[in-house]
Amino acid sequence: MGRRTTGPAVPPSPSLRPSTVDDLPLDPEIRAVLRAHGIEALYPPQAEALPHVLSGRSLVLACPTASGKSLVAYLALLRAVREHRTGLYLVPLRALAQEKFDELSEFASLGFKVGLSIGDFDLPAAKLERLDLLVATSEKADGLLRRGSPWLDRLGVVVADEVHLMRDPDRGPTLEVTLTRLRRRHKDLQIVALSATVGNSAELASWLDAVHVASDFRPVPLRSGVYLDGRVTFTDLETREVGPPGDGVQRLVRETLAGGGQAIIFVSTRRGSEQAAQHVAPLVAATLSAEEKAAAAEVAQQLHLVAEEETEGLRHLAGLVPRGVAFHNAALDNAERRLLERAFLTRKLKVLAATPTLAAGINLPARRVIIRDTTRYDDHLGMQAPIPALEIQQMCGRAGRPRFDRVGEAIVIARHPEDEARLLDDVLGAPPEDVESRLAAEPALRMHLLALVASGEVRSREELATFFRGTFYGRTLPLDALTEKVEAVRGFLEGHGLLEPGPGLRATGFGELTSDLYLDPMSAVALRRAIERAPIGVRPFALLAAVAATPDLPPLFLRRGEEAEFVARYAEEEVELLVKAEEEPLDTPLELMLGSLKTAAVLEAWLDETPIVALTERFGIGAGDLHAKAEDAEWLLFGLSRIAAAFRKPLARPVDDLALRVRYGVKEELLDLVRLRGIGRARGRLLFSAGYADREALRQAPLDRIASVLRSPTLARQVALQLRHPEAGSPPKEIAMEPPAAPAPSPGAGTPRRGHRRLDEYPEHPA
DNA sequence: TGGTTGATACTATAGACAGCATGTC
DNA sequence: CTATAGTATCAACCA
């Protein structure tokens with residue numbers, strides 16, 4: 001168990017280090033809440049980090065998951081609130097944001113308000129202003145910065161969770177840029193960065209002018225090893241036989257269950273997750289007691305309730321769950337995934353076979369983690385590539401469940417004898433990898449360069465260089481390589497009318513709109529081109545194809561034999577017109593374009609009220625894929641509508657209607673009905689079939705008639721209420737936690753959000 | 001001839017953020 | 001370049 005502390009501050013000497021909550025300089029009220037939650041003794045990393053944090057220092061805390069990092073962050077946030085500052089908690093995933101929001105809300109009895117800001121769940125600006133703490137994705141925080149939100153004015157603390165994800169080429173730069181911008185805006189900002197164990201966490205600390213605390217402490221110790229031919233060799237070279245029957249996965253699962261533990265099997269494909277679950281189901285079922293069988297059967301019942309339709313994947317899943325096993329991947333929709341996660345946490349499920357969905361997500365530990373696949377298909381490479389050691393180590397970190405397990409075990413299955421040594425030394429035993437900035441990735445530069453300029457933070461190349469010097473990239477890598485790419489990106493933005501030409505850096509109206517819409521500039525350019533080419537009365541499919549072909553909506557894979565179908569659709573006149581680009585770098589390889597058209601075809605069928613079962617069978621996708629694509633498309637259609645309005649194209653209205661249809665998956669004739677709260681795809685169709693084509697028709701109908709059509713008097717009353725008072729209906733769900741006691745002093749009303757410009761303010765640009 | 005078996009070739013491949021204004025079955 | 005499991009295809013073989 002190692003511990004390293006470096007940093008600008010002189011660390012407190014070990015003898016002064018607190019070992020319980022009582023030793024901390026905390027308000028008695030905070031201490032009482034902690035005690036009420038059973039938090040008393042501090043883990044070593046907490047004891048080491050908290051004095052720094054509570055004295056207002058920035059901190060980089062690098063240690064394994066479940067070692068108590070969150071508490072350190074929460075106390076930093078509470079301290080800020082006590083000093084009438086606000087706190088921002090940055091997370092990489094919506095599900096994680098929800099988790100942190102729920103946990104922070106537990107402290108709301110102390111008299112402050114917590115809010116949640118994630119894509120599908122946001123607060124009106126007025127409510128935001130009254131919040132003391134906000135949990136947000138990096139992208140949402142980036143959005144607040146772009147719009148110069150006054151909520152940030154009183155900001156005192158920023159927590160950056162999973163900060164090692166800065167190395168992610170897609171979304172890491174957003175976190176890096178957001179942290180840099182926040183620090184520039186608030187010179188005295190306290191940053192609490194929480195990281196997995198990485199090689200260069202001290203370098204991160206140096207960048208953030210923070211105290212560095214690194215530790216290998218885990219409340220449940222971890223052993224990791226490699227399985228080969230009936231024997232596990234641990235990294236300490238101890239070995240253990242794991243007896244037959246069955247292959248490695250089966251043997252390891254059986255052994256885990258025999259000791260009363262749970263197991264997670266990590267695999268690299270969706271099919272692999274289904275297959276692995278199937279593979280161990282008989283032996284898991286054999287260990288279940290009568291009560292456990294009943295509990296698992298109940299989970300299966302709930303699964304049927306939360307699932308929208310009985311797809312083939314759901315049937316497979318529902319067949320496995322009563323046996324105590326489930327698979328977990330992104331083909332499942334969110335409700336299904338959350339249900340399975342809860343069932344595993346409550347030990348109603350014994351084994352989960354999961355794709356990386358689970359590795360990066362919420363805290364879900366198991367006594368044993370079995371890593372079946374150590375390679376994964378890499379789209380860029382076109383073939384299998386090893387999963388980075390850091391990711392493998394993250395999966396391993398899931399092993400060991402506090403209170404249930406004395407020790408956690410992570411075991412990698414070796415496929416070939418020659419792999420054993422490599423896995424032990426170069427993967428499990430590898431020194432933790434470094435976090436490296438990915439700011440130089442071009443899509444990221446496009447986004448953030450435009451945003452910096454559009455928000456007025458950067459007005460010249462000199463200011464831009466200064467900005468980059470303040471990033472982690474600037475602190476760790478030579479800027480020359482970046483500057484070269486920036487110039488290319490700047491050329492792209494200027495060439496497509498997002499930046500004003502000339503030596504200075506100034507965004508056009510189109511550039512500002514693109515930044516506000518949070519679109520990849522490449523997408524905005526493609527959407528604008530589609531708008532300009534779209535004929536009057538353009539068919540929905542062509543518009544869907546236009547949004548599906550942007551880089552903000554990754555294409556679906558084509559299955560065998562699907563190619564001809566989408567080649568044919570590509571040849572449709574309007575489609576080719578809206579989607580095809582002749583010039584670099586906007587033109588897309590045919591293969592990807594056909595995948596985009598498949599996405600458009602899926603959405604088209606969704607709009608045609610095709611049942612989800614039929615969609616999954618016809619296109620080989622899961623319910624989760626469908627919802628993800630529909631959500632993305634709805635967002636992009638909104639962008640399309642705004643761009644159309646900005647350029648005075650008479651397309652905004654039909655596109656808004658299309659976006660609403662995409663949200664609910666309904667034909668045009670249901671558009672009026674689904675505007676009612678509580679009425680969606682299924683109920684809308686029920687009403688329509690019963691002869692109520694729109695809200696006006698419904699207004700004439702007797703209440704009991706509506707109730708019988710909807711098979712719910714409660715719902716019918718709710719609908720009737722909305723029909724009488726369009727603004728009434730059920731009040732919106734309250735997200736902000738109202739304090740039971742006197743509210744904190746509320747800040748004055750901030751400046752309103754910069755209004756979107758009217759049409760004529762957008763100059764025309766060469767296409 | 002019909003059916004089975006086995007060698008071989010071919011096929012497919014993880015995940016999830018954002019706008020806006022409030023709720024699907 | 002750094003893979004593998006599942007499936008389709010087809011020839012060889014047997015009754």
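Order of the sequence lines sets the chain letters (A, B, ...), proteins ahead of strands, with each chain counted from 1.
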Phosphate-side-chain proximity, [X] and [N], N/O vs OP1/OP2 below 4.0 Å:
{"X": "A:R337", "N": "B:dA16", "value": "yes"}
{"X": "A:H627", "N": "B:dG15", "value": "no"}
{"X": "A:R270", "N": "B:dG15", "value": "yes"}
{"X": "A:T355", "N": "B:dG15", "value": "yes"}
{"X": "A:R94", "N": "B:dC17", "value": "yes"}
{"X": "A:K140", "N": "B:dG19", "value": "yes"}
{"X": "A:R559", "N": "B:dC10", "value": "no"}

| field | Toward the 5' end of DNA chain C, by each residue's nearest nucleotide, A:Q384 or A:R372 | value |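 That would be A:Q384.
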
Select one nucleotide: of [options], the one nearest the side-chain heavy atoms of [X].
{"X": "A:Y518", "options": "B:dA12, B:dG15, B:dA18", "result": "B:dA18"}
{"X": "A:T269", "options": "B:dA16, B:dG19, B:dT13", "result": "B:dT13"}
{"X": "A:R376", "options": "C:dT2, B:dA14, B:dG19", "result": "B:dA14"}
{"X": "A:A330", "options": "B:dG15, C:dT2, B:dT22", "result": "B:dG15"}
{"X": "A:T137", "options": "C:dG6, B:dC17, B:dA14", "result": "B:dC17"}
{"X": "A:R147", "options": "B:dG19, C:dA3, B:dG15", "result": "B:dG19"}
{"X": "A:D552", "options": "C:dG6, B:dA21, B:dA18", "result": "B:dA18"}
{"X": "A:R560", "options": "B:dC25, C:dA8, B:dT22", "result": "C:dA8"}
{"X": "A:R683", "options": "B:dC25, B:dA12, B:dA18", "result": "B:dC25"}
{"X": "A:R415", "options": "C:dA5, B:dT13, B:dC17", "result": "C:dA5"}

| Given the C1' atoms of C:dT2 and B:dG19, what is the spacing between them in whole Å? | 41 Å

Between the side chains of [X] and [Y], is a donor N or O closer than 3.5 angstrom to an acceptor N or O?
{"X": "A:S273", "Y": "A:N329", "value": "yes"}
{"X": "A:H328", "Y": "A:E336", "value": "no"}
{"X": "A:H316", "Y": "A:Q278", "value": "yes"}
{"X": "A:E308", "Y": "A:H627", "value": "yes"}

Taking any heavy-atom pair under 4.0 Å as a contact, classify [X]: base, sugar-phosphate, or nothing.
{"X": "A:L636", "answer": "nothing"}
{"X": "A:A628", "answer": "nothing"}
{"X": "A:D142", "answer": "nothing"}
{"X": "A:L305", "answer": "nothing"}
{"X": "A:Q275", "answer": "sugar-phosphate"}
{"X": "A:L358", "answer": "nothing"}
{"X": "A:P92", "answer": "sugar-phosphate"}
{"X": "A:G119", "answer": "base"}
{"X": "A:D120", "answer": "base"}
{"X": "A:I679", "answer": "sugar-phosphate"}
{"X": "A:R681", "answer": "sugar-phosphate"}
{"X": "A:H279", "answer": "nothing"}

Calculate the interatomic distance between [X] atom [atom1] and [N] atom [atom2]; express it in whole Å.
{"X": "A:E631", "N": "B:dC20", "atom1": "CD", "atom2": "P", "value": "15 Å"}
{"X": "A:D373", "N": "C:dA5", "atom1": "CG", "atom2": "P", "value": "8 Å"}
{"X": "A:D168", "N": "B:dC17", "atom1": "CG", "atom2": "P", "value": "12 Å"}
{"X": "A:K629", "N": "B:dA14", "atom1": "NZ", "atom2": "P", "value": "12 Å"}
{"X": "A:R422", "N": "C:dA3", "atom1": "CZ", "atom2": "C1'", "value": "12 Å"}
{"X": "A:I621", "N": "B:dA14", "atom1": "CD1", "atom2": "C1'", "value": "16 Å"}
{"X": "A:I371", "N": "B:dA14", "atom1": "CD1", "atom2": "P", "value": "18 Å"}
{"X": "A:D625", "N": "B:dT13", "atom1": "CG", "atom2": "P", "value": "10 Å"}

| task | Before giving the answer on ring-ring contact (aromatic ring centres under 6.0 Å, His included), spell out for A:Y89 and A:F101 the whole-Å C-alpha distance, their side-chain angles and the decisive distance to 0.1 Å. | result | CA-CA 9 Å; A:Y89 198 124; A:F101 171 75; over 10 Å; no

| query | Considering only heavy atoms from C-beta outward, does the side chain of A:L332 approach that of A:F327 to under 4.5 Å? | reply | yes

Assigned partner base of [N], Watson-Crick or wobble definition, under 3.5 Å:
{"N": "B:dC17", "value": "none"}
{"N": "B:dC10", "value": "C:dG6"}
{"N": "B:dG2", "value": "C:dC14"}

| Test log, rule side chain to side chain donor-acceptor pair (under 3.5 Å), inputs A:Q722 and A:R675 | CA-CA 10 Å; A:Q722 292 178 64; A:R675 287 182 213 271; over 6 Å; no

| said: Is the base of C:dA3 stacked against the aromatic ring of A:Y377, taking ring centres under 5.5 Å apart and planes under 30° as the test? | reply: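 Stack criterion not met.
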
| task | For A:E309, look at atom CD and say whether over 12 heavy atoms of other residues, nucleotides or ligands are found less than 6.0 Å away. | result |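 It does: A:E309 CD has more than 12 such atoms within range.
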
| query | So with a 6.0 Å cut-off around CD of A:E442, is the heavy-atom count from everything else above 12? | reply |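 Buried by this count: over 12 neighbours within 6.0 Å.
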
| field | Donor-acceptor pair under 3.5 Å, A:D632 side chain vs B:dA18 base | value | yes

